[in-house]
Amino acid sequence: MSYLRMKSLLACILALGLSFYAWGSFAQNIVARSQLRRTVDPSPRVAFGTVLMKIDANGKETFQVNVKGVGQDNLGQFLFLEPSYTTNVAPALDLAPLNRINFKHGNWSRTLVGVGQAPADFLPFFDSLADVGGNEITVALPHIPDVTTIFTNINAGVTNISEGVTNVVGNTTNIINGIVEPNPGQVGEVLAVLWAPTYGLNAKPSTLSYHRRGTLAAVGDGSPNARGTVKIRFDGSTGRSVLDVRAVNLTRGQEYTVFVANTTNQDTTVMIPVDKMTQKNLGSTARFFRDTQFADPLPQIGDPQPQQARDVGDLSGHAIEIRDAFDFVHLAGVIP
């Protein structure tokens with residue numbers, strides 16, 4: 001074989017190999033995972049769950065919600081065209097209800113599948129799950145008037161999460177198309193118990209992970225020797241967010257609460273109370289810990305309408321304070 005023919009053959013083989021490599025690089029799984037968290041804050045740890053969106057190399061599109069620890073009947077799921085949980089708009093899509101797969105443990109699941117397109121329930125608004133990112137999924141019960149218990153954990157007994165809810169400030173969300181004709185004892189509302197953000201699909205979601213650390217400094221004479229740390233962590237593969245605030249050398253005998261600013265704009269900042277810190281015998285050490293793998297809600301931010309942060313990175317740059325029951329600031333800093 002001549003040198004020119006050999007060179008030409010090698011060039012063809014190389015081009016063919018590159019084309020297969022390019023096709024293989026394009027035809028790969030893209031995925032997004034997020035974790036359900038409670039709509040009421042503060043609230044006890046009872047239920048938790050996950051949301052999965054995936055498009056595989058063959059064009060199969062999968063949407064899956066899994067929930068654990070909800071003993072109530074009639075659990076549904078809804079898509080809102082909003083970045084975070086809200087009660088001020090109606091859901092865009094009523095998705096197929098969840099299927100209870102284990103009564104004893106209160107486990108529920110639903111998998112929706114489309115081939116070459118989004119699952120059928122999404123088609124009125126989305127041709128593909130690749131377009132669903134930036135919104136939120138809510139898991140809810142049908143709202144029954146005068147019923148305030150929304151969770152029943154079979155193993156732990158009845159847990160009251162919220163009372164006296166409204167469609168503006170509580171966790172009740174209006175459904176416009178839920179009921180065509182009113183029926184006795186039935187209303188066009190749902191009682192939202194869990195929600196999760198939908199993230200954009202990614203071939204390597206782990207590259208979105210981060211871990212940051214900041215410090216808190218003593219303010220005034222409340223606890224002059226106090227010091228603290230703020231750690232945030234996000235796992236892109238699971239959608240898990242962790243917020244960990246710790247303080248030492250605080251004045252003993254006082255209860256401490258974490259406050260987070262609603263915006264990074266210092267001219268319009270409003271410090272919003274989040275929840276009390278954990279202390280032993282009201283000692284000098286305190287901790288505030290939120291982890292979405294346990295369905296812990298993240299602090300509310302936003303101006304003028306506060307909403308739960310989608311992930312812990314949304315809190316970066318927001319002022320944070322530790323105050324006592326008299327509203328006296330002991331430690332202050334900025335979330336990294």
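- Note: the hydrophobic cluster containing Tyr85 does not contain Leu243 (ILVMFWY, side chain heavy atoms under 4.5 Å, direct or indirect links).
- Counting heavy atoms from C-beta outward, Leu141 and Leu75 have side chains that approach closer than 4.5 Å.
- The OH atom of Tyr256 sits 9.0 Å away from the CD1 atom of Ile322 when rounded to the nearest 0.5 Å.
- Residues Arg323 and Asp327 come closest through the heavy atom pair NH1-OD1, 2.9 Å.
- Between the side chain of Arg33 and the main chain of Gly239, no donor-acceptor pair closer than 3.5 Å is present.
- In the hydrophobic cluster analysis, where Ile, Leu, Val, Met, Phe, Trp and Tyr join through side-chain heavy atoms closer than 4.5 angstrom, Leu81 is grouped apart from Leu123.
- Checked options Arg287, Arg290, Lys231; the residue passing with Asp244 is Arg287 (criterion: side chain to side chain donor-acceptor pair (under 3.5 Å)).
- Among all heavy-atom pairs drawn from Ala130 and Leu201, the shortest one is CA-CD1, 4.3 Å.
- Residues satisfying the ring-ring contact (aromatic ring centres under 6.0 Å, His included) criterion with Phe125, sequence neighbours excluded, are absent altogether.
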Verdict with supporting geometry, Arg252 and Leu282, side-chain contact (heavy atoms from CB on, under 4.5 Å) | CA-CA 6 Å; Arg252 293 178 174 86; Leu282 294 186; over 6 Å; no
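- In this structure, Asp291 and Val242 have side chains that are in contact, with non-hydrogen atoms separated by less than 4.5 Å.
- Between Trp108 and Val139, every side-chain heavy-atom pair lies at or beyond the 4.5 Å cut-off.
- Pairs passing the ring pair (Phe, Tyr, Trp, His ring centres under 6.0 Å) check and including a residue from residues 259-309, sequence neighbours excluded, do not occur.
- Considering only residues two or more places apart in sequence or on other chains, Ala319 meets the side-chain contact (heavy atoms from CB on, under 4.5 Å) condition with Ala261, Met271.
- Pairing each heavy atom of Ala218 with each of Pro224, the nearest pair is CB-O, 3.7 Å.
- Put simply, CZ on Arg37 and CZ on Arg310 are 8.5 Å apart, with the number rounded to the nearest 0.5 Å.
- Shown here is Asp73, whose CG atom has more than 12 heavy atoms of other residues, nucleotides or ligands within 6.0 Å.
- Within the structure, salt bridge (Lys or Arg N to Asp or Glu O under 4.0 Å) pairs that include any residue of residues 51-69 do not occur (at least two apart or interchain).
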Please test Thr263 against Thr269 for side-chain contact (heavy atoms from CB on, under 4.5 Å), starting from the C-alpha separation and ending with a verdict.
-> CA-CA 6 Å; Thr263 176; Thr269 293; 4.1 Å; yes
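- No side-chain donor-acceptor contact under 3.5 Å links Asn225 to the backbone of Asn249.
- Note that CD1 of Ile232 and CG of Leu298 are 10.0 Å apart. Values are rounded to the nearest 0.5 Å.
- Side-chain contact between Gln279 and Gln254: absent, with no pair of heavy atoms (C-beta onward) separated by less than 4.5 Å.
- A donor-acceptor distance shorter than 3.5 angstrom exists from the side chain of Thr39 to the backbone of Ala192, with no hydrogens or angles considered.
- Both Val67 and Leu93 sit in one connected hydrophobic cluster of ILVMFWY residues. Membership requires side-chain heavy atoms under 4.5 Å apart, directly or through other members.
- Scanning all heavy atoms of the two residues, the minimum distance from Phe80 to Pro91 falls at CE2-N, 3.4 Å.
- Although no hydrogens or angles enter the test, the distance criterion places no donor-acceptor pair under 3.5 Å between the side chain of Ser223 and the main chain of His330.
- At a threshold of 4.5 Å between non-hydrogen side-chain atoms, the residues Phe328 and Thr251 do not count as touching.
- Rounding to the nearest 0.5 angstrom, the gap separating the OG1 atom in Thr111 from the CG atom in Asn99 is 9.5 Å.
- Between the CG atom in Leu194 and the OG1 atom in Thr138 there is a gap of 9.0 Å [rounded to 0.5 Å].
- With a 4.5 Å cut-off on side-chain heavy atoms, Lys280 and Thr285 do not count as touching.
- Side chains of Ser109 and Asn66 form a contact here, defined as non-hydrogen atoms less than 4.5 Å apart.
- Judged by distance alone, with hydrogens and angles left aside, the side-chain atoms of Asn262 form no donor-acceptor pair with the main-chain N or O of Ile301 at under 3.5 Å.
- Side-chain N or O atoms of Gln35 include one that pairs as donor or acceptor with a backbone N or O of Gln293 at under 3.5 Å.
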Take Asp121 and Arg110 through the test salt bridge (Lys or Arg N to Asp or Glu O under 4.0 Å) and record every step on the way to the result.
-> CA-CA 12 Å; Asp121 285 1; Arg110 172 65 74 174; over 6 Å; no
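- Other residues sharing a hydrophobic cluster with Val219 under the 4.5 Å side-chain heavy-atom criterion for ILVMFWY residues are Val329.
- Arg212 forms a cation-pi arrangement with Tyr210, by the criterion of a distance under 6.0 Å to the ring centre and an angle within 45° of the ring axis.
- When all heavy atoms are compared, the tightest approach of Gly236 to Leu208 is CA-CB, 4.3 Å.
- Gly214 and Pro336 get closest at one heavy-atom pair: N-CG, 3.6 Å.
- Residues Ile335 and Leu216 share a single hydrophobic cluster, defined by chaining ILVMFWY side chains whose heavy atoms lie under 4.5 Å apart.
- Placement of Val274 and Leu315 within a single hydrophobic cluster is found when ILVMFWY residues are connected by side-chain heavy-atom separations under 4.5 Å, directly or transitively.
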I would like to know whether Thr292 and Phe48 meet side-chain contact (heavy atoms from CB on, under 4.5 Å); could you show each step before the answer?
-> CA-CA 8 Å; Thr292 58; Phe48 60 97; over 6 Å; no
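- Side-chain atoms of Leu79 and Val132, non-hydrogen and from C-beta on, do get closer than 4.5 Å to each other.
- Applying the side chain to side chain donor-acceptor pair (under 3.5 Å) test to every pair with at least one member in residues 193-209, sequence neighbours left out, gives these pairs: Trp195-Gln308.
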Let me see the working for Leu250 and Leu331 under side-chain contact (heavy atoms from CB on, under 4.5 Å), right down to the final yes or no.
-> CA-CA 9 Å; Leu250 293 166; Leu331 285 166; 4.0 Å; yes
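- Note that CG of Leu129 is 8.0 Å distant from OG1 of Thr62, once rounded to the nearest 0.5 Å.
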